[in-house]
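Below is one structure; the comments refer to it alone.
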Amino acid sequence: KKLSLLVCGGAGYIGSHMARMIAEAGHDVTVFDNLSTGHLEALKWGKFIKGDLRNQDDLDDAFQDTEFDAVFHFSGLIVVSESVEKPFEYYDNNVTGTINLLQAMRKYGVDKFIFSSTAAVYGDPVMDMITEDHPLKPLSPYGRSKLYVEEILQDYAEAYGFDSACFRYFNAAGAHPDSRIGEAHSPETHLIPNVLLSCIDEGRRLKIFGDSYSTPDGTCVRDYVHVQDLCSAHLKALNFINENKGAHVFNLGNGQGFSIIEVIKAASQVIGREIGFDFEPARSGDSPRLVADSSKAADLLGWEPEFDNLTSIIETAYRWHKKPAF
Ligand code: UFG
């Protein structure tokens, strides 16, 4: 059946890949985005409504003409350190904005919701391979803003019969293999883009934050997961919440941890040259190791990542960063 789907934050990194995948799967897609961090140039698929989740009139514009089957929500501020400096902006955008969106959904009778959450809800991990029942103790306003929404969705399932899936992303990376869209943050804070950009832009030297973590080489270990694989899980979740009522949460990661030094080595092989770097003091709030057990998504959604090795993820990111379309 052809569906009509709303993608909030569809001009951003993950949201634009989602809007494209929905359109290419043959469904109708509408993107709602305030373009605060997203890019107009990423909007090559579907209909676009410029609007802010904190403005009810903007939400009415989105909902009044189309009967959506479900809403995907990627509109979030995502920089952990910034959230410590600006908690109001994070709670206003990520929590108040989401409550407004859920209210508009109730008003227009839409009750299927898929939400971008984060591994940051776990805080300092006590498990080697993190499962969804790991304690939830976020270390930043960013992580708390995501956790609050997860909890709100539990209450909405109970009270209003809302069906939802929250995805706790580990480290999203890579770009669409044809590189018409990709990752374009400003400023860029993520590791893989910064490694690649340090090779592409002369003058831009890579910094490694922290060399004495309790990991084999002293640098932080992360689980990198391809943006296309994140999006394919969202499409599968849509079928799942249609058949299974309630509020569901899933980890999304490849289940393999790589240290910063290992990421640099892999990137160096992809690019074919050495990559220089300097050690800097550790960034506050960084966990030594975040690696996902994603067997719940595999078992219940039938999710199987296509880009299951770091090199293939870096290759798609490099193709994009060499010649970004925006
Ligand atoms: N790092 C560097 N140099 C850089 C950039 C990053 O050394 O130029 C280090 C960081 O200190 C960290 C690791 O590389 O140890 C990964 O950093 P990222 O910024 O790429 O990703 P994070 O793990 O900090 O955060 C990401 C998302 C968050 C999300 C988190 C969950 O940005 O939104 O994953 O795992 F909460």
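Values below: every heavy atom of this structure, side chains too, minus hydrogens, waters and symmetry copies. This is a predicted model, so every value here is computed, not measured. Throughout, residue positions are numbered sequentially from 1 according to the sequence presented.
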Nearest 0.5 Å, what's the [atom1]-[atom2] distance between [X] and [Y]?
| X | Y | atom1 | atom2 | result |
| --- | --- | --- | --- | --- |
| Asp308 | His226 | CG | NE2 | 11.5 Å |
| Ile313 | Phe307 | CD1 | CZ | 8.5 Å |
| Asp58 | Asp33 | CG | CG | 11.5 Å |
| Phe209 | Asp286 | CZ | CG | 8.5 Å |
| Arg54 | Ser75 | CZ | OG | 10.0 Å |

Would you kindly say whether [X] and [Y] are connected by a side-chain donor-acceptor distance under 3.5 Å?
| X | Y | value |
| --- | --- | --- |
| Asn251 | Tyr122 | yes |
| Ser116 | Tyr169 | yes |
| His27 | Ser4 | no |
| Thr98 | His73 | yes |
| Glu67 | Tyr108 | no |
| His134 | Glu132 | no |

Next item on the list: Identify, with sequence neighbours excluded, every residue that meets salt bridge (charged side-chain N to carboxylate O under 4.0 Å, His left out) alongside Asp217.
Entry: none

Determine, using ring centers only, whether [Y] and [X] are less than 6.0 Å apart.
| X | Y | answer |
| --- | --- | --- |
| Phe68 | Phe63 | yes |
| His234 | Phe115 | no |
| Phe277 | Phe279 | yes |
| Phe240 | Phe250 | yes |

Check: Parallel, tilted or perpendicular: which describes the rings of His185 and Tyr13, with under 30° parallel and over 60° perpendicular?
Finding: perpendicular

Next item on the list: Evaluate the ring planes of Tyr160 and Tyr156, with Trp represented by its six-membered ring, and classify them as parallel (under 30°), tilted (30 to 60°) or perpendicular (over 60°).
Entry: perpendicular

Short N-O contact, [X] and [Y], less than 4.0 angstrom:
| X | Y | answer |
| --- | --- | --- |
| Lys112 | Asp69 | no |
| Lys137 | Asp124 | no |
| Asp178 | Arg319 | no |
| Asp299 | Lys296 | no |
| Asp28 | Lys47 | no |

Margin query: Does Glu24, at its CD atom, have more than 12 non-hydrogen atoms belonging to other residues, nucleotides or ligands within less than 6.0 Å?
Written below: yes

